[in-house]
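In what follows, a single structure is set out as structure tokens and then discussed.
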Amino acid sequence: MKLRGKLISVIVVIAVIVIMAVFLIIKFSPSTEVMPLKDYFATSGEEMTIILQNEIIEETGYYREKTPYLRHEMVKNTFNDRFYWSAKDKIMIYTTPTEVIKVVPETNEYTVDKEVVQTDYTVVTMINEEPYIAAPFVKMYSDIDYKAVKKPNRIMIRSEWGVNEQFAIVAKDAALRYEPSIKSPILVELAEGDEVVFVASGEELEDGFSKVISSKGVIGYVKSNRLEESEYRTVTSSFVAPEYTHITKDYDICMVWHQTTTEAANENLLYMLNATKGVNTISPTWFAISDNKGGVSSIASERYVARAHEAGVEVWGLCNDFGEKSDIDIAAIMADTKVRERLVNKLVSLALEYDLDGLNIDFEMIPEAAGEDYIQFIRELSVKCRLNNLVLSIDNYIPTDYRKYYDYNEQGNVADYIVIMAYDEHYSGGGVAGSVSSLPFVSKAVEDIKKDVNPEQVIMALPFYTRVWHVTHEADGNEKVTSEAYGMTSANNLLHDYGVKASWDEATGQYYAEWDEGNQVNKIWLEEERSLGEKLKVVTSGGIKNVAFWKMGFENTESWNVIADYINR
């Protein structure tokens, strides 16, 4: 009996040892479970996973007919915002410094101006009513590189350059796992000699794992002891971006706008120019959008241009979008590809016909919804101006959050000069009396525009006018605010007539006056030579040397002495 008892004890001990061994084997043995890549990438059919800078992103693309496609919005927002989609005309447009490239969806071609270029892939395809652009076409014009892999579909895209990445070679065959654990499912088997890139950091993780991405875009975890010593490499690009050249002068611009509303007003040019000092550029308000089909009205004069050139003054013809007609739909004009093209061609042909040196675009009625269309118009106009050696200048109000859609940065990229109209701080119809252009207002405009545009391309525009504000106290207790515009001399005469003396206001950098007239208070912040000098000091000390003034004829004689002094500096 004792022998039997001992035998049972031995069997029990052996059983325990076996169980423990099995437990230890199970606990410490690597899992051989495999996670299918179709589950890992979670895409199906033509859908394509996008790995951007070694990270899987939520955005997906499509793989069709051996070509990867990327959604237009993703391309525009991530790689290259010059890919413009016309929702109205269902056409993709891309502009370079000298070309306008158009693509009709579902075709194996694109046009450069009127020349047709054939491709071996569909350039733009529509998926779920959205345009998708072929990756090879995106790469032609964008600083990206990519590698596409099928089954399941995925694309690895690189768009950030100059960074150091840590590479390593697989020393022994190894499993790339879903999580940093030997019990985690295997994604792919890495073979000896394969190259991987460390993701986020080369530091070893818990349990001796490193997070890496394989050459085929699979991100996972591998045992660090299976990798040979790593090295850092700087990721570089061979892409050469086209150069956007600018027609900029080798002198500081001093421009005045000449408001001409009739052809007869053109005859006043020499009389008005003779009253100025240092002016080297004049912008007559000759052109306006005349209809919704790209028409332009004109009161341009060859005689005017010839006289200006004889006086050594360049002429940049202005075109506005707020002419006499009230039925102009600027948003519809900007959104229509053919109308936009007609408008561009008309403006350039007028400039060439009248031997202009440049164009000055003053479109102030652009709604936010038409922002992208407007910028595309500027791009397309810049191509024609560049090819015809015409200076392209664009008028803008000061930078504000609610005008970001005017995209001053892109304007500066494609146009020659960006004019910032540092006035209408308080404007007619605004309901509040105040300075038209206070010193802090101008100072902020100088600092803000330099964040988006090269100061050498900026023309800071200052006012020769002010406003007399009439604040009426009505019987119901409300205030009614109206105003009238005055030039420098007429504003001075007004104060003289009322026997009012203005006092210097340090806060605005202007002379200020007010006087009562019945139940009405009249207020004025004067524009004159001292306030103008303070503004010019802020502008030039801020690194902006080019200036403009609205409008010729509103200034006083002393102002030109101040302007000439600052220009000569």
Side-chain angles (χ1 to χ4, degrees), residues 256-257 259 272 275-277 397-398 400 420-446 460-542 547-566:
V256 287
W257 281 285
Q259 188 176 29
M272 299 185 77
T276 70
K277 286 184 180 180
Y397 284 112
I398 67 166
T400 56
I420 299 300
M421 301 180 293
Y423 39 79
D424 279 349
E425 178 181 1
H426 296 85
Y427 55 92
S428 176
V432 178
S435 170
V436 166
S437 179
S438 69
L439 195 60
F441 181 78
V442 174
S443 179
K444 188 174 188 304
V446 169
M460 190 61 62
L462 302 173
F464 281 156
Y465 73 96
T466 186
R467 288 190 175 277
V468 176
W469 301 90
H470 310 298
V471 183
T472 305
H473 299 280
E474 299 183 327
D476 59 5
N478 293 323
E479 285 187 349
K480 180 181 179 181
V481 179
T482 59
S483 69
E484 301 168 85
Y486 279 75
M488 292 181 177
T489 301
S490 58
N492 255 339
N493 292 340
L494 181 70
L495 294 184
H496 180 268
D497 291 344
Y498 278 94
V500 177
K501 185 176 181 179
S503 301
W504 184 256
D505 177 30
E506 289 290 344
T508 59
Q510 294 172 291
Y511 284 101
Y512 171 76
E514 67 175 63
W515 64 97
D516 294 335
E517 193 175 356
N519 68 335
Q520 176 179 286
V521 178
N522 301 310
K523 302 181 178 183
I524 188 170
W525 285 261
L526 287 169
E527 294 295 342
E528 41 68 62
E529 61 271 17
R530 182 178 175 185
S531 67
L532 186 60
E534 292 298 316
K535 291 181 179 69
L536 286 169
K537 186 188 301 181
V538 164
V539 171
T540 55
S541 64
V547 292
F549 304 95
W550 177 270
K551 64 179 180 172
M552 188 167 64
F554 267 15
E555 75 279 12
N556 59 24
T557 302
E558 292 79 6
S559 294
W560 288 114
N561 295 326
V562 173
I563 293 168
D565 182 44
Y566 274 92

How far does CE of M488 sit from CG of N493, to the nearest 0.5 angstrom? 13.5 Å

Is a side-chain donor-acceptor pair under 3.5 Å present for Y512 with Q510? no

CG (L494) and CG (N522) are apart, to the nearest 0.5 Å, by 8.0 Å

To check you understand the geometry: which heavy-atom pair defines the closest contact between A433 and V471, and what is its length? CB-CG2, 4.2 Å

What distance do Q259 atom CD and K551 atom NZ have between them, rounded to the nearest 0.5 Å? 3.5 Å

Would you call V436 and Y465 a side-chain contact if the rule is heavy atoms closer than 4.5 Å? yes

Name all residues meeting the ring pair (Phe, Tyr, Trp, His ring centres under 6.0 Å) criterion together with F464; count only those two or more places apart in sequence or in a different chain, and write none if there are none. F549, W560

If you count the non-hydrogen atoms of other residues, nucleotides and ligands that lie under 6.0 Å from NZ in K444, is the total more than 12? no

Is there a donor-acceptor pair under 3.5 Å between the side chain of K535 and the backbone N or O of S437? yes

Check whether any side-chain heavy atom of T276 sits under 4.5 Å from a side-chain heavy atom of E555, and report yes or no. yes

Can you check whether I524 reaches W469 side chain to side chain, under 4.5 Å on heavy atoms? no

From CG (D424) to CH2 (W550), nearest 0.5 Å: 10.5 Å

Any side-chain heavy atom of L495 sitting closer than 4.5 Å to one from W515? yes

Should H473 and V521 count as side-chain neighbours, where that means a heavy-atom distance under 4.5 Å? yes

Which donor-acceptor pairs under 3.5 Å do side chains of residues 425-432 form with protein atoms, sequence neighbours excluded?
from	atom 1	to	atom 2	distance (Å)
E425	OE1	S438	N	2.9
E425	OE1	S438	OG	2.9
E425	OE2	S438	OG	3.3
H426	ND1	S435	N	3.3
H426	ND1	S435	O	2.8

Just by distance, no angles: are the side chains of E517 and Y498 close enough, under 3.5 Å, to form a donor-acceptor pair? yes

Which pair of heavy atoms, one from Y397 and one from I420, lies closest together, and at what distance? O-CD1, 4.1 Å

Kindly give the heavy-atom pair with the smallest separation between A422 and I398, and that separation in Å. CA-CG2, 3.9 Å

Side-chain donor-acceptor contact under 3.5 Å, E528 with S531: yes

So, N556 and E529: side-chain donor and acceptor under 3.5 Å apart, yes or no? yes

Using modelled atom types only, decide if a donor and an acceptor are shared between the side chain of S490 and the backbone of Y486 within a distance under 3.5 Å. no

Value for NZ (K480) from CD (E474), rounded to nearest 0.5 Å, stands at 6.0 Å

What I want to check is whether the side chains of T489 and N492 have a donor and an acceptor closer together than 3.5 Å. no

Should K277 and I563 be marked as a side chain to side chain contact (heavy atoms under 4.5 Å, CB included) after you check the CA-CA gap, both sets of side-chain angles, and the distance that decides it? CA-CA 8 Å; K277 286 184 180 180; I563 293 168; over 6 Å; no

Verdict with reasoning, F441 to T508, per side chain to side chain contact (heavy atoms under 4.5 Å, CB included): CA-CA 8 Å; F441 181 78; T508 59; over 6 Å; no

Is the shortest heavy-atom distance from the side chain of E484 to the side chain of H470 under 4.5 Å? yes

Check for a donor-acceptor pair, side chain of T472 on one end and backbone N or O of Q520 on the other, with a separation under 3.5 Å. no

Establish, for the pair R530 and W504, whether the NZ or CZ atom is under 6.0 angstrom from the six-membered ring centre and no further than 45 degrees off its axis. yes

